[in-house]
Amino acid sequence: METRGIEDMFDFRRFPKDAVLLLLLLIYFPVGICLMLLRIFIGLHVFLVGCALPESFVRRFIVRVMCSVLGMHVRQKNPRSRDKNTKLYICNHVTEFDHNIMNLLTPCNMPQLDGSTGFVCWARGFMEVHSASGRGAIGESLQSYCSTEGTTPLLLFPEEDTTNGRVGLLKFSSWPFSLTESIQPVALRVTRPLISLSTPESSWLTELLWTFFAPCTVYHVSWLPMVSRQEGESTQEFVNKVQELLAVELGLVSTKITKVDKAEYIKRKRHILPQTTTSVRPSSIGLGFVVQSLGTDDHRMAKMAQQVKDVLPHVPMNVIAKDLAKTNCVDTTITNLLDIKEETQMEATGMSTFGPSKMSSYSSGPAPNLKPAAKTFGKSPADRHLSLQERKDALYSFARRRYIEKHGLDQEDSH
C-alpha cells in the first residue's frame, strides 16, 4: 500500500480552477439551472415509478432509462462475470448514489449503518438495520442474513466514505469480509464535466441538486470475478488482496488513509483556515492576500505565512502576508521582519533620551528573549551600527534555529 497526500483524495472545490472551464461553466450556468428544475420534476416521477413497480428486470430497465434523462448514465463492463449466486458485492465508494446505480444493474441491498432512519432511509434505497449494540451486533445480523437462502445480495463499501475516485482507495475496513467466504468485487469509476463529483461535508440532498445541475454524470461499473478466501488466509490478508484487485482495475493506489483520517483532516482544515483569516483585520492588505491565496492556489502562501507566524508569533499576520507577497520566501520574510523589529527598537531607544518613545508596531506579543549585544548605547555611529548588526545576527540565528527545530529540518537544508 502507498501513502498518498490526503488532500489529493478529495475535492474541496466545487468548481474548476482552469479559467477556460470556469468560462464554460459560466456560459452553461443558466442552462444548468433550467435542467435542475426540470429534472427535479422528472425525479419525482422516477421515485413514484420505482415505488409502484415490483422488483423485476422491467422495473430496473424503466428506471434506468428515466435516470438517463436525469443525467445519470450507467455503463457496465464484463457483465457476464457477475455471479448470480453471490451473497456480497464489495465496491469502492465515489458518490452518495452509488448504491442506487448498482440497483439499476442487479438487485442488491445496501444496509444503512449511519445516518437517518425511517422514511428517508427507505426512500434513498437503503436497508435499515435495527441494532443498538454497535457494529459487532450489526455484523452478526448481516452474517446471518447472508447465510439465509433466497435473500438478496448485500452491497457494501468497505472504504466507508467517499473519495474523488482519481487518486487512491481508502483503507478497507475488515468487518465486511468476515460475513462470507466469497465476495464479488465491483470497480466503480464516475466522471462528470465542469464540476466536482462531491465535496466533503455536503449533504446528500445538495449532491443530488448538483447532479441534476450537471450536464451528465457517467457511472462506469466493472464486474470482477468472484474472490474466495484461501485456506489459512487471514481476514486482513483477504482484505488487502481484494483492495489491490480493485486498485489495479481502476488504475489507482491502495492507501492506509481511513475514514477517521478524512474526518480529522476536514476538522483541522475547518478550524485552522478560519484562524488564519480571522487573525487579520478585514481592512488590511493581509486579509485580501490570505483570501485570494486560499481561493487560487492550494494554500501554499497561507502555509508559508503560518510558518513565519510560528517563528515570529508577535508579528501581525497582515504584516507577514504583505512581505510574503513581495518576497515569496519564508527565510527572506523572516529576515526582513527582524530588520524592521530591530530598527524600531533602536529608534525607540534613541528617542527615550529626548522624550517619550514611539509605540512599537509589534506590541501584540513578546519578542524573543535575547539580550542586546551591547549593554550601553554606542557613542559613535560606527559603534551603534556594529551593535545593531550583532543584534540582528543574533535574532536571525535564533529565528532560523527555531524554524529548523519546529519543522524537523537539517542544518544543511536550511541554507
Side-chain angles (χ1 to χ4, degrees), residues 4-18 21-22 25 28-29 32-33 35-36 39-40 43 67 70-75 91-104 110 112-116 120-121 123-126 155-173 186-221 246-247 250-253 255 257-270 273 295 298-299:
R4 300 293 296 267
I6 191 171
E7 65 277 2
D8 300 328
M9 300 278 290
F10 318 101
D11 291 327
F12 293 92
R13 293 170 54 94
R14 180 71 65 179
F15 305 123
K17 297 181 181 180
D18 187 79
L21 293 178
L22 281 175
L25 181 60
Y28 170 78
F29 196 84
I33 293 295
L35 270 179
M36 182 179 67
R39 286 170 172 172
I40 290 175
C67 284
L70 298 179
M72 304 171 73
H73 303 274
V74 186
R75 299 175 182 176
C91 184
N92 59 300
H93 205 4
V94 183
T95 72
E96 295 288 342
F97 314 106
D98 297 343
H99 64 287
N100 303 110
I101 297 301
M102 291 292 295
N103 260 306
L104 298 179
M110 170 67 189
Q112 174 71 306
L113 303 177
D114 301 301
S116 58
V120 176
C121 176
R124 292 188 61 194
F126 288 108
L155 170 66
L156 293 177
F157 302 109
E159 291 179 288
E160 299 184 332
D161 212 332
T162 59
T163 66
N164 56 26
R166 297 194 306 270
V167 178
L169 301 176
L170 295 177
K171 184 179 180 181
F172 281 12
S173 178
V186 183
L188 179 64
R189 183 168 56 88
V190 189
T191 57
R192 175 189 293 170
L194 298 180
I195 60 176
S196 300
L197 293 170
S198 63
T199 56
E201 298 187 305
S202 292
S203 65
W204 68 270
L205 189 57
T206 301
E207 297 299 339
L208 181 62
L209 294 178
W210 281 113
T211 301
F212 289 165
F213 172 87
C216 64
T217 305
V218 184
Y219 290 80
H220 304 265
V221 179
L246 286 174
L250 294 167
L252 307 178
V253 297
T255 71
I257 301 171
T258 65
K259 174 186 176 181
V260 177
D261 296 329
K262 175 184 176 180
E264 287 295 326
Y265 180 78
I266 295 173
K267 183 178 179 181
R268 290 198 307 269
K269 196 176 184 67
R270 185 171 60 247
L273 294 183
D298 77 326
H299 313 293

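This chain uses plain numbering: 1 for the first residue, then up along the sequence. In this text, all values refer to a predicted model and were calculated from it rather than measured experimentally.
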Handout entry: Under the side-chain contact (heavy atoms from CB on, under 4.5 Å) test, residues paired with Glu207 that sit two or more places apart
Key = Arg14, Glu96, Phe97, Ser198, Thr199, Ser202
Handout entry: Partner set under ring pair (Phe, Tyr, Trp, His ring centres under 6.0 Å) for Phe157, not counting sequence neighbours
Key = His93
Practice task
Check for a donor-acceptor pair, side chain of Asn164 on one end and backbone N or O of Asp8 on the other, with a separation under 3.5 Å.
Solution key: yes
Handout entry: Criterion side chain to side chain contact (heavy atoms under 4.5 Å, CB included) on Val94 and Thr162, from CA distance to verdict
Key = CA-CA 5 Å; Val94 183; Thr162 59; 5.9 Å; no
Problem - Non-hydrogen atoms of Leu169 and Ala247 that approach each other most closely - result: CD1-N, 3.8 Å
Exercise for the section: For the residue pair Phe126 and His99, categorise the inter-ring angle as parallel (less than 30°), tilted (30 to 60°) or perpendicular (more than 60°). Expected result: parallel
Problem - Any side-chain heavy-atom pair of Asp98 and Thr95 under 4.5 Å - result: yes
Practice task
Evaluate the side-chain proximity of Ile266 to Phe12: yes if any heavy-atom separation is below 4.5 Å, no if none is.
Solution key: yes
Practice task
For the residue pair Phe29 and Ile33, establish whether any side-chain heavy-atom pair is separated by less than 4.5 Å.
Solution key: yes
Practice task
With the side chain counted from C-beta on, respond yes when Val120 and Trp204 share a heavy-atom pair under 4.5 Å apart, and no when they do not.
Solution key: yes
Fill in the blank from the handout: Here the gap from Ile257 atom CD1 to Lys262 atom NZ, rounded to the nearest 0.5 Å, amounts to 11.0 Å
Practice task
Quick one: closest heavy-atom pair of Leu252 and Gly168, and the distance?
Solution key: CB-CA, 3.9 Å
Handout entry: For Ala187, all residues meeting side-chain contact (heavy atoms from CB on, under 4.5 Å), sequence neighbours excluded
Key = Ser222, Leu224, Leu246, Glu249, Leu250
Exercise for the section: Apply side-chain hydrogen bond (donor to acceptor under 3.5 Å, both in side chains) to the pair Arg39 and Thr211, showing each step before the final yes or no. Expected result: CA-CA 10 Å; Arg39 286 170 172 172; Thr211 301; over 6 Å; no
Handout entry: Beyond-backbone contact of His73 with Tyr219, side-chain heavy atoms, under 4.5 angstrom
Key = no
Problem - Straight-line distance of Leu170 CG to Asp261 CG, nearest 0.5 Å - result: 8.5 Å
Problem - From Phe213 atom CZ to Ile40 atom CD1, the distance as rounded to the nearest 0.5 Å - result: 12.0 Å
Problem - Any residue meeting side-chain contact (heavy atoms from CB on, under 4.5 Å) with Leu22, in chain and number order, not counting sequence neighbours - result: Phe15, Pro16
Practice task
For Cys216 and Pro193, work out which heavy atoms get closest and say how close.
Solution key: O-CD, 3.3 Å
Problem - Validation row: Val74, Met72 side chains within 4.5 angstrom (heavy atoms) - result: no
Problem - Minimum side-chain heavy-atom gap Tyr28-Leu35 below 4.5 Å - result: yes
Completion exercise
Taking every heavy atom of Asp161 against every heavy atom of Lys259, the minimum-distance pair comes out as OD2-CG, 3.9 Å
Practice task
Could you list the residues that satisfy ring pair (Phe, Tyr, Trp, His ring centres under 6.0 Å) with Phe212, not counting sequence neighbours?
Solution key: none
Completion exercise
Residue set satisfying salt bridge (Lys or Arg N to Asp or Glu O under 4.0 Å) with Asp11, at least two apart, ordered chain then number -> Arg166
Problem - Asn100 side chain to Arg124 backbone, donor-acceptor under 3.5 Å - result: yes
Problem - CG-CG distance between Leu205 and Leu209, expressed to the nearest 0.5 angstrom - result: 5.0 Å
Exercise for the section: For residues Thr206 and Glu201, determine if any side-chain heavy atom of one lies less than 4.5 Å from a side-chain heavy atom of the other. Expected result: no
